[in-house]
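Input: a single structure, listed below in structure tokens.
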Amino acid sequence: MSTTAPGGEARPEIHRGLNGVYFDRSQVCSIDGRAGTLHYRGYSIHELAEHSTFEETAYLLLRGELPTRAELDAFESELLAARAVPEPVLAIPRAMERAHPMDVLRTAVSALAAFDPERDDGSPGAVARKGARLTAQTATLVAAHHAVRQGRDPIAPSRSLPHAANFLYMMNGEEPAPETARLMDVDFVLHAEHSSNASSFAARVVAGTGADLHAAIVSGIAALSGPAHGGAAENVMQMAREIGEPANAAGYVKSKRSRREPVMGFGHRVYRTEDPRARHLRAGVRRLSAERGEPTWLAILEAVEETMRPYARLGVAPNVDFYAGVIYHLLGLPQDFFVPIFALGRVPGWTVQVLEQIENNILIRPLLDYHGPSARPYVPIERRG
């Protein structure tokens with residue numbers, strides 16, 4: 001479609017942010033923003049969050065179907081065997097000790113490409129195997145950076161714990177309680193895939209050029225690091241700290257709205273109702289708050305949610321990040337690690353987006369409607385006034 005400019009010339013219709021534009025087909029993730037539903041390969045996110053595991057969900061995304069017991073056992077063994085990170089790459093968190101964890105993660109993932117045994121194999125099978133290795137290795141890298149910042153040596157990955165439990169073990173130095181590990185596992189499941197979000201689109205653009213998986217994942221990490229995409233969980237926790245007490249929530253929200261500033265953790269580019277992932281993290285915060293004897297953060301979030309309720313009819317409802325940050329805080333995880341944790345869950349999703357892109361690859365090359373000066377002659381510098 002096109003529009004007509006004042007001078008009569010035809011102008012293309014602009015979809016800023018590619019809003020409403022379908023650039024390809026997918027068999028992986030289905031979102032209905034009005035109904036508030038999310039499915040991975042046809043399976044409801046609610047069933048997966050309640051009954052599945054991150055390993056099983058990752059297998060579903062990467063391989064297309066839920067695994068048999070034998071297939072899941074083999075996949076879990078594949079992930080476990082890939083947890084160790086080459087020493088030169090493990091040195092990166094030490095060298096970048098004071099950097100933001102997302103900067104460390106993207107740098108280290110880029111370096112991992114040089115050590116991958118299938119570095120130059122771009123076949124779908126090799127890409128899927130590399131994605132599985134990165135799923136395991138990124139958890140080790142994030143935990144290693146956390147250890148270095150605390151002045152201790154990184155904890156070697158467990159040889160037996162499931163993925164989420166192993167991550168918490170490497171972060172905190174002790175095996176988590178089963179219910180704590182399960183909450184982290186659910187968080188990874190909820191973040192595993194979300195169609196063509198900014199970071200997944202970035203990964204597909206890079207894959208479309210023929211670049212390798214590691215390059216595509218690095219681009220996904222870079223996109224996720226931006227506060228308009230992945231930073232909301234970190235910002236929600238900061239908001240809760242600023243509010244301080246539940247009684248202050250209404251005034252805080254009113255002040256934000258009067259200045260036309262967003263309230264962190266509300267609204268979504270796709271959903272016109274509550275993000276379907278939010279209910280599971282809300283339940284997780286309630287359980288964890290009771291277990292840890294820290295009810296204040298939950299009470300603050302509930303007060304904010306109640307104050308924001310009138311805006312729900314406008315499509316401004318809680319998203320997945322609204323409760324995630326408080327969960328991470330209650331688990332003892334530093335605030336600037338919230339976004340890297342999001343990234344850990346998303347590695348299988350980025351990988352399967354790359355797999356779909358290379359299956360029928362095309363260079364992603366949209367157009368810009370030029371509105372600058374008309375053609376004009378070059379003037380030598382001596383004649384410029």
Side-chain angles (χ1 to χ4, degrees), residues 27-29 39-86 109 112 115-118 121 123-144 154-172 174-193 213-214 217 280 284 341 343-356 359:
Q27 297 182 0
V28 178
C29 185
H39 291 78
Y40 297 168
R41 295 197 184 274
Y43 293 97
S44 166
I45 192 62
H46 301 309
E47 290 193 280
L48 293 172
E50 292 166 8
H51 306 298
S52 187
T53 64
F54 179 64
E55 288 89 336
E56 183 179 66
T57 299
Y59 185 100
L60 169 68
L61 292 172
L62 294 173
R63 306 287 173 83
E65 297 290 346
L66 289 173
T68 64
R69 169 49 60 189
E71 289 169 336
L72 182 58
D73 288 345
F75 185 65
E76 290 173 343
S77 296
E78 181 182 346
L79 291 175
L80 193 150
R83 286 176 177 173
V85 171
V109 168
L112 278 172
F115 297 88
D116 194 277
E118 298 178 283
D121 189 343
S123 67
V127 170
R129 290 188 294 272
K130 283 187 272 192
R133 284 193 286 274
L134 281 171
T135 298
Q137 291 169 324
T138 48
T140 303
L141 287 168
V142 169
I155 296 172
S158 166
R159 296 180 178 272
S160 59
L161 289 174
H163 184 80
N166 172 62
F167 172 65
L168 291 175
Y169 162 69
M170 290 189 296
M171 288 290 286
N172 298 324
E174 58 184 26
E175 290 191 21
E179 59 274 13
T180 302
R182 176 57 185 159
L183 181 56
M184 191 77 257
D185 192 67
V186 170
D187 181 87
F188 285 154
V189 169
L190 296 174
H191 284 99
E193 165 61 7
L213 177 68
H214 287 75
I217 298 297
H280 301 282
I341 293 169
L344 299 185
R346 185 55 58 84
V347 173
W350 286 329
T351 302
V352 74
Q353 290 285 336
V354 168
L355 284 168
E356 284 206 323
E359 182 180 4

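Residue indices begin at 1 and follow the sequence shown.
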Within-4.5 Å side-chain heavy-atom neighbours: [X] and [Y]:
| X | Y | answer |
| --- | --- | --- |
| Glu359 | Pro124 | no |
| Pro154 | Met170 | no |
| Pro348 | Glu193 | no |
| Leu141 | Leu112 | yes |
| Val142 | Phe167 | yes |

Closest contact, heavy atoms only, [X] versus [Y]:
| X | Y | value |
| --- | --- | --- |
| Ala49 | Val186 | O-CG2, 3.5 Å |
| Arg83 | Pro157 | CB-CB, 3.6 Å |
| Leu183 | Gly284 | CD1-CA, 3.6 Å |
| Leu61 | Arg41 | O-NH2, 2.7 Å |

Kindly write out the residues that satisfy side chain to side chain contact (heavy atoms under 4.5 Å, CB included) with [X], not counting sequence neighbours, or none if the list is empty.
| X | result |
| --- | --- |
| Ile45 | Leu38, Tyr40, Val189, Leu190, Pro276, Arg277 |
| Ser123 | Asp121, Ala126 |
| Leu161 | Ser158, Ala165, Asn166, Tyr169, Glu175 |

Nearest 0.5 Å, please: how far is [atom2] in [Y] from [atom1] in [X]?
| X | Y | atom1 | atom2 | result |
| --- | --- | --- | --- | --- |
| Tyr43 | His51 | OH | NE2 | 13.0 Å |
| Glu71 | Leu66 | CD | CG | 10.0 Å |
| Leu60 | Leu72 | CG | CG | 11.5 Å |
| Arg129 | Leu62 | CZ | CG | 12.0 Å |

request  = For Asp185, check salt bridge (charged side-chain N to carboxylate O under 4.0 Å, His left out) against everything at least two apart and list the hits.
outcome  =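 Asp185 satisfies salt bridge (charged side-chain N to carboxylate O under 4.0 Å, His left out) with Arg182 only.
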request  = Would you please name every residue forming a salt bridge (charged side-chain N to carboxylate O under 4.0 Å, His left out) with Glu356, sequence neighbours left out?
outcome  =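 For Glu356 the salt bridge (charged side-chain N to carboxylate O under 4.0 Å, His left out) partners, ignoring immediate neighbours, are Arg204.
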For [X], enumerate each residue passing the side chain to side chain donor-acceptor pair (under 3.5 Å) test, keeping only those at least two apart in sequence or located in another chain.
| X | result |
| --- | --- |
| Thr351 | none |
| Thr180 | none |
| Arg133 | Asp116, Glu118 |
| His214 | none |

ask   = Sequence neighbours excluded, which residues qualify as ring-ring contact (aromatic ring centres under 6.0 Å, His included) partners of Phe75?
value =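 Only Tyr59 meet the ring-ring contact (aromatic ring centres under 6.0 Å, His included) criterion with Phe75.
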task = Mind checking ring-ring contact (aromatic ring centres under 6.0 Å, His included) for Phe54 and listing every partner two or more places apart, or none if nothing turns up?
result =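 Partners of Phe54 under the ring-ring contact (aromatic ring centres under 6.0 Å, His included) test: His163, Phe188.
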Main-chain N/O of Leu344 paired with Thr138 side-chain donor or acceptor, under 3.5 Å =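 No; zero donor-acceptor contacts below 3.5 Å.
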inquiry  = For the backbone of Asp187 and the side chain of His191, can you confirm whether one donor and one acceptor N or O come within less than 3.5 Å of each other?
reply    =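 Yes; at least one donor-acceptor contact below 3.5 Å.
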ask   = Which pairs count as side chain to side chain donor-acceptor pair (under 3.5 Å) when at least one residue sits in residues 73-82, sequence neighbours excluded?
value =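 Non-adjacent pairs meeting side chain to side chain donor-acceptor pair (under 3.5 Å): Arg63-Glu78, Arg69-Asp73.
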